[in-house]
Amino acid sequence: MSIKFCGGCNPRIDRMRLAEQIRKFCLEQGHEVIYNSLDADLIVFLSGCTAGCSRRYSPPGSTVPVIDVNADSVDGIRVEENQLGPYINGKIPLLLPRH
């Protein structure tokens, strides 16, 4: 699994805290976590604002499952910032089988 970050020019959320919540959950589930790679079995695109820059350079037509975070929105659904980690972590098992 990969967490792909935006450039961080205008963050509205604490991207590092959120990434750590996701990383910890994934490690507990037996998944390796890498950063800023598109070569993974799941990619969490983590953008600090609504511009969505983290996904800007992803290859078109990729079949890799993704979770797209743009500030307080996950896959187009608004989520309170303090609930982003649990919400994303709830989606991960649906997209990645447990090891």
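For the numbers below, each heavy atom of this structure counts, side chains included, while hydrogens, waters and symmetry mates do not.
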Heavy atoms only: give me the nearest [X]-[Y] pair and the separation to one decimal.
X	Y	answer
C26	V33	CB-CG2, 3.6 Å
M1	I22	CE-CG2, 3.8 Å
L46	A19	CD2-CB, 4.0 Å

message: Within this structure, what is the CG-CG distance for the pair D75 and N70, rounded to the nearest 0.5 Å?
response: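 Rounded to the nearest 0.5 Å, the CG-CG separation comes out at 9.0 Å.
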query: How many angstroms lie between CZ in R56 and NZ in K4, if you round to the nearest 0.5 Å?
result: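 Those atoms lie 11.0 Å apart.
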query: Counting distance only, does the side-chain N/O of S2 pair as donor-acceptor with the main-chain N or O of S37 below 3.5 Å?
result: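 Flag set: sc S2 to bb S37 pair under 3.5 Å.
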message: With a 3.5 Å distance limit and no angle check, can you tell me whether N36 reaches the backbone of F5 through a side-chain donor-acceptor pair?
response: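 Yes; judged by distance alone, with no hydrogens or angles, the pair exists.
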query: Does V74 have any side chain to side chain contact (heavy atoms under 4.5 Å, CB included) partners at least two apart in sequence or in another chain, and if so, which?
result: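 Applying side chain to side chain contact (heavy atoms under 4.5 Å, CB included) to V74 gives I67, V69, V79, L84, Y87, I88, K91.
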- request: Name all residues meeting the side chain to side chain contact (heavy atoms under 4.5 Å, CB included) criterion together with C6; count only those two or more places apart in sequence or in a different chain, and write none if there are none.
  value: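 Side chain to side chain contact (heavy atoms under 4.5 Å, CB included) check on C6 returns R15, S47, C53, S54.
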query: Taking it one step at a time, do R23 and E20 satisfy salt bridge (charged side-chain N to carboxylate O under 4.0 Å, His left out)?
result: CA-CA 5 Å; R23 185 191 72 81; E20 180 57 25; 2.7 Å; yes
message: Any heavy-atom pair between the side chains of Q29 and I92 that's under 4.5 Å?
response: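 In short, these two side chains do not touch, never coming nearer than 4.5 Å.
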- prompt: Heavy-atom distance under 4.5 Å between the side chains of R12 and T50, does that happen here?
  reply: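 Side-chain contact under 4.5 Å: yes.
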message: Applying side-chain hydrogen bond (donor to acceptor under 3.5 Å, both in side chains), can you list everything that pairs with K24, at least two apart in sequence or on another chain?
response: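 Per chain and number, K24 pairs via side-chain hydrogen bond (donor to acceptor under 3.5 Å, both in side chains) with no residue.
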Establish whether [X] and [Y] are linked, either directly or via other cluster members, by ILVMFWY side-chain heavy-atom contacts under 4.5 Å.
X	Y	result
L95	I34	no
L94	V64	no
M16	Y35	yes
I13	I43	no

field: CG/D39: more than 12 non-hydrogen atoms of other groups inside 6.0 Å
entry: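 Result for CG/D39: open.
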